[in-house]
Chemist: 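Pasting in a structure now, in structure tokens, and then I'll have a few things to ask.
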Amino acid sequence: MFEKTNYIGRFAPSPTGPLHLGSLYTALASFLDAKYHQGQWLLRIDDLDIPRNITGAAAQILSTLETFGLHWDAVVAYQSDSLSIYENALTKLASSQMIYPCICSRKTLATEGDCHCLEKKIDLNAPHAYRVKADQRLIEFNDQLQGTIISNMVEQDDFILKRKDQIVAYQFAVVLDDAFQGVNHVVRGYDLLALTPKQIYLQKLLGLATPAYMHVPIIMDAQGFKLSKQTLAAAVSLKEPQRIIFQLLQLLRQSPPQALKNSTLSELLAWAIKHWSPEHLKNCHSINQFAEPS
Ligand code: GLU
């Protein structure tokens, strides 16, 4: 009998546009890590930031992943279905006096530097955000690729958990969603490494377990910019999925054998799962899209 480990990983794209080569790279890394460990690979659509969502993008992401043979293991989760979880956690933090309302506008923050709402009486009838107090503790964790990270919370701002427009902030939602879905391995892009101490801090305040983290390099374009929707990275082409997976495996420094160049997609993925060795990416922050195969 096939025995499942208790590894639970996930890919959590925001539906702000189609997948580009950089997001598919991260998806592939988290898929391979989960499958190598005979774990489950979940898919979650991070759709809380309504103004940034693009109609049809979630469906397009799902079908792109299927085209590339990256099949997920449970029903797709949507953050927008978890609003009560966020509210309950906010209430819990409020009862331990760890959050406070903030009415600062961008302009006030730009002129005053910091938010001083903690010292003020805030009119709760006016639109307000909620910030969490950052205390003095040190957050330390070991990223599987990037090594030991230590961050002193006192150097972090009291950060926003719920925005003035009532949208739950990414930092807060991601922690609750991962915990709720039982995710114990997070594989994602290096650009999110700097936000991880805040997320671990929230896990500690809420009594949640901290998953293992692995931050894989981000893919840069020829000009050295991160491939992203902001820099208008092109949607990944659906025409030759096998060829693109082969290229992504090279960018993941997995050295797929030339003999697999003309294999089927499922043969290539089976090879990649079996031989998954993320340690070739140790301490690597970014990789050029046109890097020579290693
Ligand atoms: N939804 C986030 C993004 O697309 C990623 C969340 C995560 O992996 O923690 O950037």
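Order of appearance sets the numbers: ligands from 1, and atoms from 1 within every ligand. We use all heavy atoms of the structure for the numbers below, so side chains are in, but hydrogens, waters and symmetry mates are not.
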Chemist: Have a look at ligand 1 and work out which part of Leu192, if any, has a heavy atom under 4.0 Å from it: side chain, backbone, both or neither.
Modeler: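 Just the side chain.
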Chemist: Taking 4.0 angstrom as the limit and counting only heavy atoms of Arg188, give me the atoms of ligand 1 inside it, by number and element.
Modeler: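 Going through ligand 1 atom by atom, the ones under 4.0 Å from Arg188 are 7 (C), 8 (O), 9 (O).
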Chemist: So, Asp178 and Arg44, do they make that salt bridge, N to O below 4.0 Å?
Modeler: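 A salt bridge is present here (some side-chain N lies under 4.0 Å from a carboxylate O).
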Chemist: Parallel, tilted or perpendicular: which describes the rings of Phe141 and Tyr213, with under 30° parallel and over 60° perpendicular?
Modeler: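 Taking Tyr213 first and then Phe141, their aromatic rings stand perpendicular (interplane angle over 60°).
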Chemist: Do Tyr190 and His215 make the cut of ring centroids closer than 6.0 angstrom?
Modeler: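 Tyr190 vs His215: aromatic centres not under 6.0 Å.
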Chemist: With heavy-atom distances below 4.0 Å as the criterion, list the atoms of ligand 1 near Val174.
Modeler: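 Listed by number with element: 9 (O).
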Chemist: Which protein heavy atom lies closest to atom 3 (C) of ligand 1, and at what distance to 0.1 Å?
Modeler: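 For atom 3 (C) of ligand 1, the nearest protein heavy atom is Ser14 OG, 3.6 Å.
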Chemist: May I ask you to say whether Arg163 pairs ionically with Asp49, meaning some side-chain N is under 4.0 Å from a carboxylate O?
Modeler: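 Salt bridge present between Arg163 and Asp49.
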Chemist: Which ligand 1 atoms are under 4.0 Å away from a heavy-atom of Arg10?
Modeler: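 Answer for ligand 1: 7 (C), 8 (O), 9 (O).
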Chemist: So, Tyr130 versus Tyr100, ring centres under 6.0 angstrom or not?
Modeler: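 Centroid separation for Tyr130 and Tyr100: 6.0 Å or greater.
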Chemist: Could you tell me whether the side chains of Asn152 and Gln136 share a donor-acceptor contact shorter than 3.5 Å?
Modeler: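 No, no side-chain donor-acceptor contact under 3.5 Å.
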Chemist: With a 4.0 Å cut-off on heavy atoms, is Tyr170 in contact with ligand 1?
Modeler: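 Yes, Tyr170 has heavy atoms under 4.0 Å from ligand 1.
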Chemist: May I ask you to identify the nearest protein heavy atom to atom 2 (C) of ligand 1, giving residue, atom name and distance to one decimal place in Å?
Modeler: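 For atom 2 (C) of ligand 1, the nearest protein heavy atom is Ala12 O, 3.5 Å.
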